[in-house]
Amino acid sequence: GENVEQHPSTLSVQEGDSAVIKCTYSDSASNYFPWYKQELGKGPQLIIDIRSNVGEKKDQRIAVTLNKTAKHFSLHITETQPEDSAVYFCAEWGDRDDKIIFGKGTRLHILP
Amino acid sequence: NAGVTQTPKFQVLKTGQSMTLQCAQDMNHEYMSWYRQDPGMGLRLIHYSVGAGITDQGEVPNGYNVSRSTTEDFPLRLLSAAPSQTSVYFCASSYSSSSEQYFGPGTRLTVT
């Protein structure tokens, strides 16, 4: 069945440093990979996504890379700021069905 | 636009009671879904719908029913609540299954 593994579960980085969160998936038919940010007491919100015909996508300080051969994708946050502290979820979707499957999340702490 | 609205925000039930969690969206989205969020477990898909009159099971459907009589509404029913259903429930909607999902603010449910 579908499976998304997300690492690490918790990550602490110094303000200004970079943070990287990695996800691996099992279904070679997966072709859409979104990342969501969840702040305390709120619902998740999309921050960036990538489709399988692209290897990398950037949006200001956030970037996502995709390696379809190895079946993994990563979220990169550069020049981290206090407001980046949140829980981040990766997810994957494929043509097999209409389900989006989420990873278990990474709690990111930005240290002053 | 109100986006995705969920009611109630908080609910306490006794074991065996039934209730309906309400979800509505005003973005004319075809795809709607329900997730539960538990500590360390990420977002798990309960049920989803690709359009009015169509529903399907997600990863953890047992103990929950859904219906989709209109495009706007997607209620989640707990027929006989159990303590294992204590969780935070999120409803989401999107244009399609492989596009940005918009999440509601969540319902925190406690079953005693």
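Computed from heavy atoms alone, side chains included, the values below leave out hydrogens, waters and symmetry copies. Here is the naming used below: chain letters follow the sequence lines, and residue numbers restart at 1 for every chain. Computed from a predicted structure; not experimentally measured.
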Nearest-0.5 Å distance, CD1 of residue A:Ile101 to CG of residue B:Leu45:
6.0 Å

Consider only side-chain heavy atoms of I, L, V, M, F, W and Y, link residues closer than 4.5 Å, and tell whether B:Phe103 and B:Val50 are in one cluster.
yes

Can you tell me which of A:Gly105, A:Pro44, A:Gly43 forms the most heavy-atom pairs within a distance under 4.5 Å of chain B?
A:Pro44

For atom NZ of A:Lys68, is the number of surrounding heavy atoms from other residues, nucleotides or ligands below 6.0 Å larger than 12?
yes

Taking A:Leu75 as the starting point, is it possible to reach A:Leu108 by hopping between hydrophobic residues whose side chains are less than 4.5 Å apart?
yes

With clusters defined by side-chain heavy atoms of hydrophobic residues (ILVMFWY) lying less than 4.5 Å apart, directly or transitively, does A:Leu46 cluster with A:Phe102?
yes

Would you find more than 12 non-hydrogen atoms of other residues, nucleotides or ligands less than 6.0 Å from A:Glu79 atom CD?
no

Can you pull every donor-acceptor pair closer than 3.5 Å across chain A and chain B?
{"unit_1": "A:Tyr36", "atom_1": "OH", "unit_2": "B:Gln101", "atom_2": "N", "d": "2.9"}
{"unit_1": "A:Gln38", "atom_1": "OE1", "unit_2": "B:Gln37", "atom_2": "NE2", "d": "2.8"}
{"unit_1": "A:Gln38", "atom_1": "NE2", "unit_2": "B:Gln37", "atom_2": "OE1", "d": "3.0"}
{"unit_1": "A:Arg51", "atom_1": "NH1", "unit_2": "B:Ser98", "atom_2": "O", "d": "3.2"}
{"unit_1": "A:Arg51", "atom_1": "NH2", "unit_2": "B:Ser98", "atom_2": "O", "d": "2.6"}
{"unit_1": "A:Trp93", "atom_1": "NE1", "unit_2": "B:Ser97", "atom_2": "OG", "d": "3.0"}
{"unit_1": "A:Asp98", "atom_1": "O", "unit_2": "B:Tyr31", "atom_2": "OH", "d": "2.5"}
{"unit_1": "A:Asp98", "atom_1": "OD1", "unit_2": "B:Ser97", "atom_2": "OG", "d": "3.1"}

Where does B:Leu43 contact chain A at under 4.5 Å (heavy atoms): side chain, backbone, both or neither?
both

Mind checking whether A:Ile47 and A:Phe73 sit in one hydrophobic cluster, side chains of I, L, V, M, F, W, Y counted as touching below 4.5 Å?
yes

A:Glu83 atom CD: more than 12 heavy-atom contacts under 6.0 Å:
yes

